[in-house]
Amino acid sequence: MSLREDLLAFFEEHSEEYISGQTLAQSFGVSRNSVWKAVNKLKQDGYNISSVSNRGYKFYADNDVLSSDKIYGYMTEKAKQLKLVILKTTDSTNNEAKRMTAQGLTENSLIIANEQTAGRGRLGRSFYSPNDKGIYMSFVYHTELDITDAVSVTTAAAVAVVRAIVKNTDKRPQIKWVNDVYLDNRKICGILTEAVSDFESGTTHNIIIGIGINMMYSDFPDDIKDRAGVLNVKELSRNRLIAAVADEMMTLTDDLRNHSYIDDYRRYSMIIGKRIDFYKNNIKCTGTAKDIDENGGLIVMLDNGSIETLTSGEITIRLKAESEIAAQSSELNLE
Ligand code: BTN
């Protein structure tokens with residue numbers, strides 16, 4: 001372990017206590033000056049550490065600085081195969097992933113940023129990504145998949161996020177078809193999957209799965225503040241949740257032809273059995289969401305009695321509010 005890792009591990013165990021430079025230097029067999037330099041580097045990386053003369057250093061327990069040491073520490077062996085890249089800021093981790101792939105990145109990787117200045121969502125929307133408040137990350141898988149299996153990746157990613165949250169908190173998030181995760185009727189996570197594919201063979205060269213999770217409260221912009229939510233679990237650090245999602249993703253992407261995760265997708269669906277509107281080719285259709293098929297398609301019974309399976313993530317669906325169903329008046333727009 002490097003001095004930095006040693007110090008971090010030590011500080012974690014002795015957070016909120018003053019520890020003298022002398023004690024640290026003796027513990028790790030280095031000079032006080034080396035300790036001072038390493039602590040300064042940790043501070044530059046964003047760790048909240050105070051230094052008081054005659055008392056020493058105090059590491060604050062609420063530190064939630066993105067750290068590859070910590071993420072690897074929480075991961076299972078399988079997920080540790082991922083190359084981790086942590087950035088303080090970037091335009092978009094999906095863009096970063098594309099650039100790195102174009103420049104020769106060949107390992108399966110996870111690119112994480114503390115902030116995105118131009119985070120992207122589906123349908124050309126933006127994804128609000130302020131610093132320190134959320135998880136903004138993109139998995140890069142170099143894999144040849146049929147385009148259909150590549151589409152399943154998005155469905156699998158939504159299940160991975162929900163499983164990771166359920167295993168690490170007492171929250172019960174839900175999935176809104178096709179790939180949004182909601183908590184208490186507010187969107188806390190969006191997923192944007194992009195693939196570099198070969199249309200002649202119908203297979204992908206690599207696939208980029210961008211996941212954004214709102215972890216802590218922030219000033220959401222006006223256009224989303226009525227529907228955006230946060231996970232808000234103080235005890236759960238971003239590092240731990242990133243590792244948990246990566247673990248789930250590694251399990252799910254091991255065999256994308258095995259669609260057994262669809263059972264969890266159904267279990268956590270917020271729309272099965274609900275009245276919905278959707279727009280297809282600019283025509284409004286109304287019906288009841290009946291089920292999710294094995295490929296993640298949404299089976300809808302239209303009001304004219306016909307059954308339609310929606311497969312395109314480009315379709316915008318809107319859950320009808322209870323009051324609307326009763327009175328056909330006001331609307332709750334969850335999109
Ligand atoms: C959506 O809600 O429409 C999808 C949002 C996807 C956001 C994530 S954050 C990490 C990755 N980088 C991006 O620019 N977008 C995705």
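Indexing begins at 1, ligand by ligand and atom by atom, following the structure's order. Worth knowing before you read on, the calculation uses all heavy atoms, side chains too, and leaves out hydrogens, waters and symmetry mates.
Looking at Thr90 and Tyr136, their side chains never bring a donor and an acceptor atom within 3.5 Å of each other. For the residue pair Asn33 and Ser31, no side-chain donor N or O sits within less than 3.5 Å of a side-chain acceptor on the partner.
Of all atoms in ligand 1, listed by their number and element, those nearer than 4.0 Å to a heavy atom of Met137 are 10 (C). Per-residue contacts place Ile211 under 4.0 angstrom from the following atoms of ligand 1 (heavy atoms of the residue considered): 8 (C), 9 (S), 10 (C). Taking every heavy atom of Ser92 and a limit of under 4.0 angstrom, the matching atoms of ligand 1 come to 12 (N), 13 (C), 14 (O). Interface atoms of ligand 1 facing Gly119, defined by a heavy-atom separation under 4.0 Å, are 14 (O). Under a 4.0 Å criterion applied to the non-hydrogen atoms of Gly121, ligand 1 contributes the atoms 1 (C), 3 (O), 4 (C), 5 (C).
Among all protein heavy atoms, the one lying closest to atom 2 (O) of ligand 1 is Lys187 NZ, 2.5 Å. With hydrogens left out, the protein atom closest to atom 10 (C) of ligand 1 is Thr93 OG1, 3.2 Å, a heavy atom. Atom 12 (N) of ligand 1 has as its closest protein heavy atom Gln116 OE1, 2.9 Å. At the shortest separation from atom 15 (N) of ligand 1 among protein heavy atoms lies Arg120 O, 2.7 Å. Of the protein's heavy atoms, Arg122 N, 2.6 Å lies nearest to atom 3 (O) of ligand 1. The closest protein non-hydrogen atom to atom 5 (C) of ligand 1 is Phe127 CD1, 3.5 Å.
In this structure, Trp36 contributes its side chain and Gly21 its backbone to no donor-acceptor pair below 3.5 Å.
Using a 4.0 Å cut-off between heavy atoms, Leu123 makes no contact with ligand 1 at all. With a 4.0 Å heavy-atom cut-off, ligand 1 is reached by the backbone of Ile191 but not by any atom from C-beta on.
Between Asp247 and Lys78, none of the side-chain N atoms (NZ, or NE/NH1/NH2) sits under 4.0 Å from a carboxylate O, so this pair counts as no salt bridge. Salt bridge status for Lys167 with Glu248: present, with a side-chain N to carboxylate O gap under 4.0 Å. Looking at Asp223 and Arg125, no side-chain N of the basic residue comes within less than 4.0 Å of a carboxylate O on the acidic one, giving no salt bridge.
Of all heavy-atom pairs between Ser237 and Asp64, the closest is CB-OD1, 3.3 Å.
Checked against a 6.0 Å centroid threshold, the rings of Phe11 and Tyr47 do not count as neighbours.
Of the candidates Arg227, Arg186, Lys187, Lys187 is the only one forming a salt bridge (charged side-chain N to carboxylate O under 4.0 Å, His left out) with Asp180.
For the ligand labelled ligand 1, residue Arg125 lies outside the 4.0 Å heavy-atom shell.
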